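Worksheet: one structure, shown below.
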Amino acid sequence: MSLIEITEVRKSFGANEVLKGINIDVDPGEVIAIIGKSGSGKSTLLRCINGLELIDNGSISVAGAGLLPDELHLKALRLKVGMIFQQFNLFPHLTAGGNVVLSQMVVRKTPKAEAEAMARKMLERVGLGHKYDAFPDELSGGQQQRVAIARALAMQPIALLCDEITSALDPELVAEVLGVVRELASEGMTLLMVTHEMKFARDVCSRVVFMHQGRVHEIGKPEEVFADPKTPELKQFLGMH
Amino acid sequence: MSLIEITEVRKSFGANEVLKGINIDVDPGEVIAIIGKSGSGKSTLLRCINGLELIDNGSISVAGAGLLPDELHLKALRLKVGMIFQQFNLFPHLTAGGNVVLSQMVVRKTPKAEAEAMARKMLERVGLGHKYDAFPDELSGGQQQRVAIARALAMQPIALLCDEITSALDPELVAEVLGVVRELASEGMTLLMVTHEMKFARDVCSRVVFMHQGRVHEIGKPEEVFADPKTPELKQFLGMH
Amino acid sequence: DALADITARGTLRVAVPQDFPPFGSVGTDMAPMGYDIDMANLIAEKLGVKTELVPVTSANRIPYLQTNKVDLVISSLGKNAEREAVIDFSKPYAPFFNGVFAPESVAVAKAEDLSGKTVGVTRGAIEDLELTKIATGDTVIKRYEDNNGTISAFLSGQVEVVATGNVVAAAILAKNPPKRPELKFLIKNSPCYIGLNKNEPALLEKVNAVIASAKSDGSLTSIAQKWLGAGIPADL
Amino acid sequence: MIEFSLWDIVRNLLLAARWTVVLSLVSFMGGALVGTLLLFMRIGRRRVLGLFAKYYVELFQGTPLLMQLFLAFFGLGLVGIDVPAWLAAGVALILWSAAFLTEIWRGCVEAIAKGQWEASSSLGMGYVQQMRYVILPQAMKIAIPPTVGFSVQVIKGTALTSIIGFVELSKAGTVVTNATFQPFMVYGLVALIYFALCWPLSKSSQVLERKLNVAHRNH
Amino acid sequence: MKYMFDYAWLAQYWPVLLKGILVTIQLITVGAAAGIALGIACAWVRSLGPKWLRPAVTAYVELIRNTPFLIQLFFIFFGLPSLGLQMSEFQAANLAMIINLGAYSCEIIRAGIQATPRGQFEAGASLAMTPFETFRHVILVPSLQRIWPALCSQVIIVMLGSSVVSQIAAEDLTFAANFIQSRTFRAFEAYFVSTAIYLVLAILLRQVLIAAGSFIFPRRSGR
Ligand SMILES: Nc1ncnc2c1ncn2[C@@H]1O[C@H](COP(=O)(O)OP(=O)(O)OP(=O)(O)O)[C@@H](O)[C@H]1O
Ligand SMILES: Nc1ncnc2c1ncn2[C@@H]1O[C@H](COP(=O)(O)OP(=O)(O)OP(=O)(O)O)[C@@H](O)[C@H]1O
Ligand SMILES: [Mg+2]
Ligand SMILES: [Mg+2]
């Protein structure tokens with residue numbers, strides 16, 4: 001059974017239909033790269049899966065449970081699916097540790113000691129055990145993004161959504177974040193990531209989704225998609241990079 | 001005689017010496033690419049030539065006139081040398097046409113009709129005649145940068161300084177701006193440009209200056225510099241790209 | 001019935017001015033004093049109750065009365081028909097010698113001479129009401145918030161003529177100012193009344209009785225002597 | 001006429017300034033409480049409450065404080081509710097400050113980046129939790145300078161309570177002037193005392209603002 | 001107790017009210033225009049202008065912002081004549097409002113100038129404009145646009161604050177209310193009516209200012 005089932009999903013902003021019937025099934029442990037031009041709807045798709053945007057039509061289900069727009073269902077969904085953003089979105093008033101501890105205590109009601117132990121573990125996992133007490137503005141972009149990953153992981157999601165998580169980073173810092181993601185993938189985490197890092201997509205992902213004008217234009221194994229694009233749009237898109 | 005003579009120029013910010021004795025002579029009609037790592041002082045050099053930063057030592061002269069730090073001399077200098085920035089820096093409250101007209105009327109006291117005619121001509125020249133009445137936020141990055149070029153050209157400078165003018169642009173838009181620069185070069189405009197577009201530097205420039213730690217580390221014709229770098233630093237730098 | 005309330009309460013609450021000398025101003029301890037205050041105490045004494053003085057301004061003295069926060073307004077009130085429609089007035093309790101004052105150089109002898117001149121008064125005071133009545137069309141009347149505004153306007157030359165009480169003018173003269181106000185002519189001698197709520201015949205009658213007896217036993221005269229420097233005219 | 005010495009004047013003004021301070025403290029703290037309540041109505045999800053808060057702010061920011069004080073004291077008296085002057089002054093000033101504080105704070109909440117909402121949503125937090133743990137702690141920090149700055153307006157606003165019988169600093173100034181006929185000296189002193197009360201607050205608001213900007217630049 | 005509201009006086013006194021409204025409108029129109037102009041000049045001095053002028057402007061701004069408007073008004077109306085500067089109460093009221101708004105808007109506008117990206121100054125300079133020309137033609141309008149809502153609010157605060165000018169006999173709306181109540185003793189009615197008029201004026205003024213904003217700043221730019 002698929003872990004995430006996206007069926008005929010449609011989403012409009014006003015008159016602008018941004019998603020025009022998306023179908024993707026993601027198996028547990030899959031790592032999926034979503035590529036496509038700016039404005040093709042990649043971010044919108046991820047945001048719909050996480051319930052940050054409500055879909056107009058179609059259905060999304062995660063681990064068998066459908067996505068319903070009330071607070072209870074949304075919360076249940078978000079406990080299963082973590083999300084990481086381009087702009088990190090760390091909480092600036094909390095330390096790295098505080099960022100990771102907060103949602104565990106508030107949402108899961110984990111006792112403090114336990115949440116802190118988990119935070120330490122997750123920060124270790126992204127290589128930032130020694131930055132537990134640092135505030136976001138004392139960290140580099142790459143470190144901030146790794147804290148964001150640790151924060152999402154601490155909620156023990158069964159899948160992670162990543163929206164261009166390296167786009168706001170200086171080139172030197174991209175590698176450290178991708179390293180962490182690569183490790184997560186190898187440990188069997190289910191990942192859906194919007195990315196512009198074609199090399200990474202090729203090396204790490206099990207499937208690549210090419211979006212174009214709100215539709216899944218091509219989908220397949222990276223070796224197929226990159227080596228042998230079927231549509232002129234994908235050809236053009238890859239030629240540009 | 002050289003058009004721009006840069007002699008033993010030194011510049012420090014506090015204790016940090018950013019330019020450590022720069023010598024470059026630029027002949028009329030030359031197109032010079034300045035390359036180098038981040039922090040090597042490229043922008044600072046251009047800003048010194050335009051008088052946006054005052055030099056601590058050495059001299060800069062443009063068309064025979066030395067650069068002196070009083071308002072009158074600075075104005076005279078800036079009338080001779082235009083500058084284009086990475087961030088476009090268009091005036092957001094004025095249309096494309098208004099941007100090009102403003103400095104002509106304010107600085108040169110050009111009559112309105114004449115300034116507008118010039119603005120139309122310059123916008124035509126960068127391929128944006130039809131965008132005369134568009135505001136900057138209605139233009140793409142590439143179009144904005146072209147308006148910035150037209151704005152500088154309208155002051156009829158004898159040389160143009162360009163600081164990474166395509167770095168803030170999406171890849172698709174780089175070509176349209178470089179196209180305009182290429183044309184300017186072919187028309188005989190003297191250009192000093194900081195750029196990361198190696199292919200462009202190779203194709204269009206008459207000389208390449210490689211800066212490293214505040215010094216001109218290598219200088220020469222592009223075919224020499226790129227094909228046969230003398231220093232390990234330049235080798236490493238080119239390898240990076 | 002207000003009178004019964006006062007007796008039951010044991011205090012008479014009176015609205016008095018504190019920015020309108022000599023009727024009401026403050027001493028160095030900021031306690032109110034003046035003609036109106038003495039009058040309030042006199043009435044309370046005759047009623048056999050204590051006084052509770054409530055300092056008021058011209059803007060809020062009537063609302064104090066109407067919302068029953070005070071029993072009487074003794075605040076050098078002048079009477080006109082519009083006002084009488086809203087509250088009741090006692091018999092007059094104080095004379096008010098209003099004059100038009102100006103420096104020697106200004107030639108004014110009667111109301112008509114004010115034509116074209118700018119006259120300062122205190123808004124809502126008796127002299128405001130009276131002057132408004134007698135002034136000709138092109139007299140400019142500037143109405144200030146309190147006596148202080150009127151006096152400051154005169155001293156700083158913002159107005160050349162003021163209409164005010166003779167005692168106030170005397171107080172200005174006592175300060176030896178560069179501009180010396182001289183009495184030009186008297187405005188109709190218009191007395192002051194105590195204000196009280198409508199439909200309180202018992203209280204009204206009592207207050208009138210107190211005033212009448214104060215007039216006859218000379219206590220009113222001594223108050224007038226103390227604050228106005230003159231006795232009370234026979235027609236009060 | 002009784003002669004006031006300079007000391008008499010200063011003493012009386014300072015004594016009256018106590019009222020200015022007390023009224024300011026009461027209205028500022030009460031305003032903060034009510035303002036908080038209104039803020040939650042304004043930014044909360046209930047449309048009706050949001051509109052109520054919006055019109056509340058419009059009403060209290062759109063009419064002179066002087067009139068609000070008058071109506072609070074005498075208006076209530078008129079319908080038979082006898083409120084003491086201190087209560088009316090307190091209530092009116094509190095309601096007035098609340099309107100301004102609500103607006104100031106709403107701006108601060110709205111200044112928090114959208115990403116903070118989204119990140120906390122995606123971690124499964126509900127609206128109240130987001131507010132409590134993520135948005136308000138940040139908004140409160142940037143709200144401090146304008147809030148301290150507004151306290152200066154509150155101090156100056158208390159001057160209008162004289163309409164309902166308070167002899168605070170400004171009124172004492174008028175009363176003393178009427179007894180002494182020395183407007184310059186008295187009003188000069190009044191201005192001086194106000195300045196002494198307000199300036200430290202203005203200054204600290206500026207300093208806090210500068211600190212905050214520096215902190216922001218580090219991001 | 002029962003109080004009978006009675007608005008019969010409106011029949012006789014409406015010209016007084018009307019005049020009061022007109023004076024208030026006049027005061028705020030002149031006050032806003034000149035006050036904002038003064039604020040712009042001061043903001044220029046404090047952020048870009050000659051260094052030697054800055055302490056004076058800073059002192060002015062601090063002085064005004066930390067003392068009550070009424071006291072400022074008294075000093076202008078009663079104090080300046082002793083320096084030989086005689087003016088009518090309307091002029092004094094207007095001057096006080098200009099000086100008051102000037103100080104507040106200086107700080108607001110300065111914040112707008114400080115939020116200007118550095119590149120705008122540099123672009124102006126590189127086009128050979130002098131610092132002042134750059135300020136005048138490049139910096140000013142976007143800065144004003146940035147802080148326009150705050151400026152609108154301040155203008156409304158000043159309009160409502162102008163109610164104290166009645167104390168120097170300027171015949172504004174509050175003066176009208178006070179005048180009417182001093183004649184008729186109908187204080188509640190007079191204050192109710194004037195409060196309602198103030199509210200309407202405040203709402204209208206905001207609309208006018210917003211409209212003026214969209215006229216002066218033809219577009220809202222993304223920056
Ligand atoms: N909240 C919104 N309101 C209105 N339109 C929106 C909104 N969010 C996105 N859009 C529009 O939806 C379209 C798709 O946006 P989306 O962000 O999903 O694209 P994307 O593929 O992620 O692009 P990019 O690579 O630039 O991030 C765009 O045209 C965008 O303007
Ligand atoms: N205004 C300034 N104040 C202090 N230091 C500065 C300033 N401007 C530049 N620097 C420093 O001068 C050095 C050179 O900066 P410069 O911007 O000239 O480098 P660059 O070669 O243009 O780099 P990049 O490729 O990143 O634009 C850097 O170390 C920078 O930190
Ligand atoms: Mg996106
Ligand atoms: Mg640079």
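Since this is a predicted model, take the numbers as computed values, not measurements. Labels below follow one simple rule: chain letters A, B, ... track the order of the sequence lines, proteins then strands, and each chain is numbered from 1.
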Next on the checklist: Working note: C/Asp128 + E/Arg183, criterion side-chain contact (heavy atoms from CB on, under 4.5 Å); need CA distance, chi angles, decisive distance, verdict.
Outcome noted: CA-CA 10 Å; C/Asp128 177 11; E/Arg183 294 304 138 102; 2.2 Å; yes

Item to check | Which of E/Ala187, E/Ala92, E/Ser182 touches chain C most, by non-hydrogen pairs under 4.5 Å | outcome: E/Ser182

Contact class of [X] relative to chain E, heavy atoms under 4.5 angstrom:
X	result
C/Ile141	backbone
C/Thr132	side chain
C/Ile151	neither
C/Ala125	neither

Heavy-atom pairs under 4.5 Å with chain E - which of [options] has more of them than the others?
options	answer
C/Lys198, C/Arg143, C/Arg61	C/Arg143
C/Ser152, C/Gly124, C/Gly195	C/Ser152
C/Ala85, C/Gly120, C/Ala153	C/Ala153

Does a sphere of radius 6.0 Å around [atom1] in [X] hold more than 12 heavy atoms from other residues, nucleotides or ligands, not counting ones at 6.0 Å or beyond?
X	atom1	answer
C/Lys117	NZ	yes
E/Asp6	CG	yes
C/Lys79	NZ	yes
E/Phe215	CZ	no
E/Gln26	CD	yes

Provide the closest heavy-atom pair for [X] versus [Y] in the form atom of the first, atom of the second, distance.
X	Y	result
E/Gln86	C/Gly157	NE2-O, 2.7 Å
E/Thr184	C/Val86	O-CG2, 3.1 Å
C/Arg123	E/Phe179	CD-N, 4.0 Å

Next on the checklist: Please classify the contact between E/Gln181 and chain C as side chain, backbone, both or neither, with a heavy-atom cut-off of under 4.5 Å.
Outcome noted: side chain

Item to check | E/Phe78, part contacting chain C, at a heavy-atom distance under 4.5 Å | outcome: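 Both backbone and side chain.
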
Checklist entry - Going through the checks in order, is the side-chain contact (heavy atoms from CB on, under 4.5 Å) test met by C/Val73 and E/Phe185? => result CA-CA 12 Å; C/Val73 176; E/Phe185 281 3; over 6 Å; no

Checklist entry - Could you state the interatomic distance from CZ (E/Arg186) to CD1 (C/Ile62), rounded to the nearest 0.5 Å? => result 11.0 Å

Next on the checklist: If I take atom CG from residue E/Asn178 and atom OG from residue C/Ser58, how far apart are they, to the nearest 0.5 angstrom?
Outcome noted: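 Reported value, rounded in 0.5 Å steps: 6.5 Å.
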
Checklist entry - Is it true that a side-chain atom of C/Gln158 and a backbone atom of E/Phe77 form a donor plus acceptor pair closer than 3.5 Å? => result yes

